[in-house]
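Take a look at the structure set out below.
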Amino acid sequence: MKGEMRVGYGYDLHRLVQGHRLLLCGLEIEHEKGSAGHSDADVALHALIDALLGAAALGDIGRLFPDTDPQYKDADSIELLRQVVQLITDNGWQVGNVDITIIAERPRLAPHINTMRSKVAENLGILIEQVSVKAKTNERVDAIGREEAIAAHAIALINR
Ligand code: MG
């Protein structure tokens, strides 16, 4: 079908703990806590990867990069993203646009939004205008509001 479009959605959450780095969209952000996980725990890229895989109906991040597999210990999520872009490209798709929402009580992410957008755009092979990154707090409620966790949602449109 010519002009075929698909949309996909992704969600991820990681615990925030001391002694870990905080990586969001491949950018290391200075903070007293970081996200814990088997890989580098980049919650924004994990949501984005699941959105891309979901759009192409090619599974999910846990199936492609199992956290039981030692080769993904401390894995660079930018590298995982690049592999997923290659996979969806191999399946005949190109990325139209993506929209990511990060939910964190702290730190304030507004100063980093454009750097995150350009990092994502560069690794997806699209323009910064095709990448939206938004940040919000959780109004001090629940685990995110208590700064025990950080979460992200993403949607991606792909076409061929
Ligand atoms: Mg994750």
Side-chain angles (χ1 to χ4, degrees), residues 6-89 91 93 95 97-109 112-113 115-126 131-138 141-158:
R6 299 261 187 92
V7 67
Y9 166 76
Y11 167 77
D12 195 26
L13 177 145
H14 281 262
R15 286 180 303 115
L16 274 180
V17 290
Q18 276 168 0
H20 284 256
R21 298 188 302 159
L22 181 59
L23 281 153
L24 290 170
C25 295
L27 180 69
E28 183 161 357
I29 290 167
E30 199 63 50
H31 192 49
E32 75 265 19
K33 286 181 175 178
S35 45
H38 185 70
S39 69
D40 67 7
D42 190 323
V43 72
L45 290 187
H46 293 182
L48 176 60
I49 284 170
D50 264 355
L52 291 164
L53 290 172
L58 287 169
D60 61 64
I61 189 169
R63 200 163 96 195
L64 253 66
F65 312 111
D67 64 7
T68 49
D69 187 334
Q71 79 167 293
Y72 300 117
K73 173 116 180 66
D74 303 321
D76 178 355
S77 296
I78 286 280
E79 182 49 42
L80 305 183
L81 176 64
R82 294 181 75 98
Q83 288 185 39
V84 165
V85 170
Q86 187 62 55
L87 178 66
I88 67 165
T89 304
N91 279 269
W93 297 103
V95 180
N97 74 295
V98 302
D99 184 13
I100 302 167
T101 298
I102 302 166
I103 312 171
E105 206 60 37
R106 282 192 322 122
R108 213 172 91 79
L109 298 175
H112 306 294
I113 293 288
T115 312
M116 291 194 270
R117 289 176 67 208
S118 73
K119 260 192 175 294
V120 169
E122 182 189 320
N123 287 286
L124 291 178
I126 59 178
V131 176
S132 163
V133 176
K134 313 195 291 300
K136 61 193 285 116
T137 72
N138 214 42
V141 297
D142 292 342
I144 296 170
R146 291 191 299 269
E147 301 179 39
E148 296 166 4
I150 185 167
H153 299 261
I155 61 167
L157 185 101
I158 59 173

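Counting convention: from 1, in listed order, for ligands and their atoms alike.
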Would you say the side-chain atoms of D12 and H46 include a donor-acceptor pair closer than 3.5 Å? yes
Among I113, L27, T115, D99, which one satisfies side chain to side chain contact (heavy atoms under 4.5 Å, CB included) with V133? I113
Give me the one residue out of V85, V131, V120 that meets side chain to side chain contact (heavy atoms under 4.5 Å, CB included) with I126. V131
Check the orientation of Y72 and F65. Use parallel for under 30°, tilted for 30 to 60°, and perpendicular for over 60°. perpendicular
Side-chain heavy atoms of L109 within contact of I29, under 4.5 Å: yes
Which count of protein N, O or S atoms is obtained for distances strictly below 2.8 Å from the Mg ion (ligand 1)? 3
Just checking K136: does its NZ atom have more than 12 heavy atoms from other residues, nucleotides or ligands closer to it than 6.0 angstrom?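 Check fails, neighbour count at 12 or below.
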